[in-house]
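Sharing a structure below in C-alpha cells format, with a few things to ask.
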Amino acid sequence: MLKIYNTLAREKQVFTPIIAGKVSMYVCGMTVYDYCHLGHARVMVAFDMVNRWLRASGYAVTYVRNITDIDDKIIKRAQENNETIAQLTQRFIDAMDEDSAKLGVVRPTLEPRATEFVDGMITMISRLIDKGFAYAASNGDVFYAVNNFADYGKLSGKSLVDLRAGERVEVDLHKKDAMDFVLWKSAKPGEPSWDSPWGKGRPGWHIECSAMSAHYLGQHFDIHGGGQDLQFPHHENEIAQSEAAHSHDGELCQMVNYWMHNGFVRVDDEKMSKSLGNFFTIRTVLEQYDAEVVRFFILRAHYRSPLNYSDQHLDDAKLALTRLYTALRGVETTDEAVDWQLAPAASFKAAMDDDFNTPLAFAVLFDLASELNKTKSAVTGSLLKNLASVVGLLQRDPDTFLQGELEQVCQSLDVDALIVQRNLAKQSKNFTEADSIRKTLAEAGIVLEDSPQGTTWRRA
RNA sequence: GGCGCGAUAGCAAAGCGGUUAUGCCGCGGCCUGCAAAGCCGUUUAGACCAGUUCGACUCUGGUUCGCGCCUCCA
C-alpha cells in the first residue's frame, strides 16, 4: 500500500487515486532561458522515479510536466542575446531534453508549453473576474483578490495577516491588497503580447499551471509536484486560481489530492540557485561524471531531504554504483517481470511504498549484490537488475559502465594486447614484466583484475 | 519578525520503543606470484538538558546550532 507525504496534510497518507487504477500527475517544469542545473535535475529525476514506481505498481499514469516559455527573464535574456524568444526557448528546450535523456528520465506523457495555452488562461481569468476572485486594474493588469479566497495559505501554512506583516516587496499601488498577485500583465512597448479583454498583455506565471493542468488532467487530479521553493507562492496561488475558477455556486472544487515537494540541492549547506550563483549545470557535471552516477547520487538520498553536492559525494556515489555493476559482471541475466512475493522484492516494494524511500530500497540492491558476489546466481542477478530497472538504474552492460567508452580509454594503449603480453609474462614467472605492464595501464587509469576465468579490466 | 524543516558514526544516508540498515573510508584475516575485485570479521553513532517507559537514537518538553519559505527560483 503506497503512502505519500502530502504537503497539504503535512503527513504521510495512504494513496488512493480518484479513479481506480489511474493516476493523474502534474509537475512544474522549467522556465527555459538557460541550461538546467542540478536542482532541475533533481526534480526531473525524483518525479521520474515517482512516475516509474506508480507504473510498476500497476497504475496507468498520465504525467504532465509543463514548460514555461514566456516570462520576464526569457524576454530579458532574448533581448540580451539579440535573438527571438522562440529561438531562445527552443534552444534550451532541446538542451533540457538532452540532459534529461542522459539522466535516464522517461519523458512525461505530455509537455505543454505556456504559450500554447494563452487562450485557456484568458478564459480562466475571465471566469475568476466573473466570480469575483479577480479584478482588472486601471493600468491593464489583472490581479487575483486573495481576500476573497477563504482557503488562501492552506498549502504553505501561511496566513494573510502574517504575510502582510512580513511584506518585503514594494507594494504595487494598483493592487487592492499587498498580497494580491498578477494574473495578466499589460504589455510594455517591445514586449511580446496577446490580445485579451483587458488589452494587449501576457499571462502571469501562476495561471499557466492552473490552465494546463485543468486542460489535461481535469479540475480535480491526484498528484501535483515540484520543488520545495514552489510551495509558496506558486502552488498556493495555483490552488487559489483553480479552486476558485472551478467553483460551483460558491462551492470550491478541490484541485489536487496529494501535493509533493522535493528538497533542494545544496552547495556548502546553501540552496543551489541562480540568484546565489552557486549552481552547476547538468552538462558541466556530466563532463566529469557518468550520467548514471549522477542519477544514483540523486536517488540515494530521500527525495524530500536536502542533497549536498560535492565532488566527494559524487565520487562516493560512483564507487557505490561500481560495486553493483561489478557484482553483475559476467552474470547472465534475463529481463522479466519482478515477482514481488520474493523476500528481497517485497522489501524493496515496502521501501518504495513508504513515500518512495529510495535509500532503503537501495540497501536491498546492495544486499542482493552481496549475495550475487557469493553465488553468481543468474536468478539473483536478474532480480537485482530488474528491481533496479524500476528506478532506472543498472540497465547497461556492466562492461560498458566499468570500462567506459572504449575510444576514450584506449587511444594510445591496446589494452587487450597488453593483457595477453602480461599473461605470457606471468606464465613464464616473469613478474617484473607483468607488474610493469600493470603499472603502465594503472597510469592510464586502468585497473586489472585477475580471476580464475581470466583477466578483466575497468577504469579506476 | 512570522511560518516550517533538520541535527545519526571519518564521509554519505535510512529504518526502528528492545534484535547487523546500506554505501564509501579505516583495521584484521582469507583468496592472489604480488595486486585488484570478492568473501569473513571488525572499530567509529544518534547536538545538549529534562521527562514518559522495565527499556529511547526512536515518544514528549525545553536549549543550542543549521537550513528553507515569507521576492524570481526546481
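The chains referred to below are lettered A, B, ... by the order of the sequence lines, with proteins before strands, and numbering in each begins at 1.
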message: Does A/Lys158 contact B/C69 through a side-chain donor or acceptor facing the base, at a distance under 3.5 Å?
response: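 Indeed there is one.
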
- prompt: Is a donor-acceptor pair below 3.5 Å formed from side chain A/Arg42 to base B/A74, judging by atom type as modelled?
  reply: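 A donor-acceptor contact between them is absent.
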
message: From the set B/G33, B/G23, B/C72, return the single nucleotide nearest to any side-chain atom of A/Arg422.
response: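 Comparing B/G33, B/G23, B/C72 against the side chain of A/Arg422, the answer is B/G33.
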
query: Per the atom types in the model, does the base of B/G66 pair as donor or acceptor with the side chain of A/Asp269 at under 3.5 Å?
result: no

- request: Output the single nucleotide from B/A14, B/A36, B/A74 whose closest atom is nearest the side chain of A/Glu449.
  value: B/A36

task: Go through B/G33, B/A14, B/A74 for me and flag the one nearest to the A/Pro359 side chain.
output: B/A14

- prompt: How many Å lie between CD1 on A/Ile437 and P on B/C34, as a whole number?
  reply: 18 Å

- prompt: Does the B/C67 base have a donor-acceptor partner in the side chain of A/Arg266 within less than 3.5 Å?
  reply: no

task: Look at the side chain of A/Asp450 against the base of B/C34 and say whether a donor-acceptor pair falls under 3.5 Å; ignore hydrogens and angles.
output: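 Answer yes: a donor N or O sits under 3.5 Å from an acceptor.
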
- request: Select base, sugar-phosphate, or nothing to describe what A/Arg329 touches, counting heavy atoms under 4.0 Å on all strands.
  value: nothing

- request: Identify whether any heavy atom of A/Ala363 sits under 4.0 Å from a base atom; if not, whether one sits that close to sugar-phosphate; answer base, sugar-phosphate or nothing.
  value: base

message: Taking any heavy-atom pair under 4.0 Å as a contact, classify A/Asp367: base, sugar-phosphate, or nothing.
response: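 Touches sugar-phosphate only.
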
cation_pi(A/Lys426, A/Phe431) dist<6.0 Å, angle<=45: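 Because its charged atom misses either the 6.0 Å distance or the 45° angle limit, A/Lys426 does not stack over A/Phe431.
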
message: Under 4.0 Å, counting only non-hydrogen atoms across every strand here, what does A/Val27 touch: a base, just sugar-phosphate, or nothing?
response: nothing

A/Lys376 atom NZ, neighbour heavy-atom count above 12 within 6.0 Å: yes

message: Given 3.5 Å as the limit, does a donor-acceptor pair link the side chain of A/Ser186 with the main chain of A/Asn139, or not?
response: yes

task: Ignoring hydrogens and angles, answer whether the base of B/G15 and the side-chain atoms of A/Asn357 contain a donor-acceptor pair closer than 3.5 Å.
output: no

field: Nearest-angstrom distance from the residue atom CE of A/Met179 to C1' of B/G2
entry: 12 Å

message: When you measure from the side-chain N and O atoms of A/Arg438 to the phosphate of B/A35, is any distance below 4.0 Å, counting only OP1 and OP2?
response: no

- request: With A/Lys158 as the cation and A/Phe232 as the aromatic partner, state whether NZ or CZ is under 6.0 Å from the six-membered ring centre and within 45° of the axis.
  value: yes

Distance flag, aromatic centroids of A/His235 and A/His206, threshold under 6.0 Å: no

- prompt: Side chain of A/Phe232: nearest nucleotide among B/C70, B/A74, B/C24?
  reply: B/C70

message: Between B/C57 and B/U20, how many Å separate the two P atoms, rounded to a whole number?
response: 16 Å

